[in-house]
Amino acid sequence: RGGSSTKGTGDGGTGAPAAAAAAAAAAAAAASNPAGTGATADKPTPMGVAAQLEQQQEVAAATAAAEEAGGVKMSPFGMPEQQPEQVAPPPECGVPEALLLHFVKMALPDAAKCIDPDSALHCAFSLPAVLLTLGPEGWSFLRPTFLQLSQEMQWKVRRTLAHSLHEVAAIVGARLAAEELAPVFEFFLKDLDEVKVGVVKHFCEFVAILEPHRRLRYIPSMNDLLEADTKLWRHRKLLAVQIAWMCALFSPKDMFERTCDTVLMLARDAVASVRSSAHASIAVVLKHLLSAHDDPTLGARFMARLVDDFANSPCYLDRQHFLRICFHLVKTLPLDRPTFDASFLDSVLRLAADPVANVRLVAGRLLSQVFVADDAYGPDHAGVAAALAALRDDKDADVKFFASLASGSLSDPNLDAFM
């Protein structure tokens, strides 16, 4: 990204700038591959100590090549080192200037040698609080320190900034967040896994600070993370949770076109915790789609896809997933009953007679613990009563047990864990 600012070294040609840009690109590419040279987007490898050392050596070599070729001082991660002049603190901030100057010096490399090896980490941890004390007008004073910390070689420092970037954005406002924090946000999304998790966890909180017309560009970043982090189930769980929050930031049409495939993929994830979060998010997404006034068909199309892809699937696991999604549609975020009955109830009752015992078991627990306790159905609902009667006489002992349980409270934590 530093190609446009590269200078020649005196030969008057374009060879040196081109070489610097190429070296900078190589450094950025090495930095964006946290698993080392042996990893790809399809087959990531665990990030061990040896891999980190190898990555740091490669980035350092590319950085040195860029500096020698173009005369541009580069950060350790292939980014042009940005060191704007330090400005004076706000005159009426109420904090002694000497104390503020001592704080910003903690981010300098010399502080690690002379004061404390973890001085940069302490500085990064305290930076949002110091900025909050100074107010938005204090950003110009702390900006050089922030940029220095965002390019710090120690990943623990960058991780601390990644977890607090949304707080800094909330203080400085939408314009400065888009102009000066968004590039760092995007850089952290390609950083080591230990750093990346901070911005993934607070993805929607940061994007919410930005102006609406700037938000759409970040939806593909979520999909890219899902494709890249195939072995990091905790990242996928965070993504599944974030999709529910995205409904407050994006229109129903954008959610339908850009996130539905992602959330349905997560609903089939190999890790149960990821699936559980995705099932809950599907309920939020569906209610958001049903609220679309400009295109009322979005919700109907999504419900039809849930039935086709899950309830009618030849895979019994998908049929189980459908029942767990219905659990959230009835309990966690209830749909209006006419909509649920028209789209899902027949499928639920049909799966109560599924040939696979595991599917009937989930159906029995859903009907006995959720439907019977719901005022809209209750034990007098003809379809629910008939299905429960058949399940209580099932040949499988486990199915019979769960179907015979007394109806419990809709806030039963054991029920949440089971579903």
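Between Phe371 and Leu345, the closest side-chain pair of non-hydrogen atoms falls below 4.5 Å. For the pair Val207/Ile219, no side-chain contact is recorded, criterion being any heavy-atom separation below 4.5 Å from C-beta on. With contacts defined as side-chain heavy-atom distances shorter than 4.5 Å, the pair Ser221/Glu186 does not qualify. Looking only at side-chain heavy atoms (C-beta outward), Leu391 and Ser368 stay at 4.5 Å or farther from each other. Using a 4.5 Å heavy-atom threshold, the side chains of Val330 and Arg337 count as touching. The shortest side-chain heavy-atom distance between Lys237 and Asp269 does not fall under the 4.5 Å cut-off. Side-chain contact between Cys123 and Thr145 is present, with at least one heavy-atom pair separated by less than 4.5 Å. Between Ile325 and Phe344 there is no side-chain heavy-atom pair separated by less than 4.5 Å.
Between the side chain of Ser281 and the main chain of Ala240, a donor-acceptor pair closer than 3.5 Å is present. Although no hydrogens or angles enter the test, the distance criterion places no donor-acceptor pair under 3.5 Å between the side chain of His321 and the main chain of Arg275. Between the side chain of Ser251 and the main chain of Asp254, a donor-acceptor pair closer than 3.5 Å is present. No donor-acceptor pair closer than 3.5 Å links the side chain of His202 to the backbone N or O of Glu205. Checking side-chain atoms of Ser150 against main-chain N and O of Leu147 turns up a donor-acceptor pair under 3.5 Å.
Across all their heavy atoms, Ala311 and Leu351 have their closest contact at O-CD2, 4.0 Å. When every heavy atom of Pro109 is checked against every heavy atom of Gln148, the shortest pair comes out as CD-NE2, 3.9 Å. The minimum heavy-atom distance between Asp396 and Ala357, with the atom names listed, is OD2-CB, 3.7 Å. Among all heavy-atom pairs drawn from Ile209 and Ala169, the shortest one is CG2-O, 3.4 Å. Heavy-atom minimum distance, Met153 versus Arg158: O-NH1, 3.1 Å. When all heavy atoms of Gln242 and Cys204 are compared, the closest pair comes out as OE1-N, 2.9 Å.
Here Thr259 contributes atom OG1 and Met265 contributes atom CE; the two are 12.0 Å apart, rounded to the nearest 0.5 Å. Atoms OG and CD1, from Ser277 and Ile282 in turn, are 11.0 Å apart once rounded to the nearest 0.5 Å. Here Arg392 contributes atom CZ and Leu367 contributes atom CG; the two are 9.5 Å apart, rounded to the nearest 0.5 Å. We find the CZ-CG distance between Phe302 and Leu264 to be 4.5 Å, quoted to the nearest 0.5 Å. Within the model, atoms CZ of Phe185 and NZ of Lys190 stand 12.0 Å from one another, a figure rounded to the nearest 0.5 Å. Interatomic distance, OG of Ser347 versus CZ of Phe322, reported as 4.5 Å (0.5 Å rounding).
The ring of Phe146 has its center closer than 6.0 angstrom to the ring center of Trp139.
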**Message:** side-chain contact (heavy atoms from CB on, under 4.5 Å) for Leu134 and Leu100? Distances and angles first, verdict last.
**Reply:** CA-CA 10 Å; Leu134 299 181; Leu100 291 174; 4.0 Å; yes
**Prompt:** Please walk me through it: do Phe327 and Val362 pass side-chain contact (heavy atoms from CB on, under 4.5 Å)?
**Reply:** CA-CA 10 Å; Phe327 163 77; Val362 179; over 6 Å; no
**Prompt:** Which is it for Phe103 and Val95 under the side-chain contact (heavy atoms from CB on, under 4.5 Å) test, yes or no, and what are the steps along the way?
**Reply:** CA-CA 11 Å; Phe103 173 76; Val95 181; over 6 Å; no
**Request:** Take Met303 and Thr339 through the test side-chain contact (heavy atoms from CB on, under 4.5 Å) and record every step on the way to the result.
**Result:** CA-CA 10 Å; Met303 289 189 291; Thr339 301; 3.9 Å; yes
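Remark: Lys253 does not engage Asp294 in a salt bridge, criterion side-chain N to carboxylate O under 4.0 Å.
Atom CZ of Phe125 has 12 or fewer heavy atoms from other residues, nucleotides or ligands within 6.0 Å. Residue-environment remark: NZ (Lys201) stays at or below the threshold of 12 foreign heavy atoms within 6.0 Å.
By the 30° and 60° cut-offs, the orientation of the rings of His328 relative to His279 is tilted. Aromatic ring orientation, Tyr218 versus Phe203: perpendicular (interplanar angle above 60°, classes split at 30° and 60°).
Partners of Ser291 under the side chain to side chain donor-acceptor pair (under 3.5 Å) rule, at least two apart in sequence or in another chain, do not exist in this structure. Arg305 meets the salt bridge (charged side-chain N to carboxylate O under 4.0 Å, His left out) test with Asp261, Asp309; sequence neighbours excluded.
Applying the side-chain hydrogen bond (donor to acceptor under 3.5 Å, both in side chains) rule to pairs touching residues 350-361 yields Asn312-Arg350, Arg319-Asp354, Arg360-Asp394, sequence neighbours excluded.
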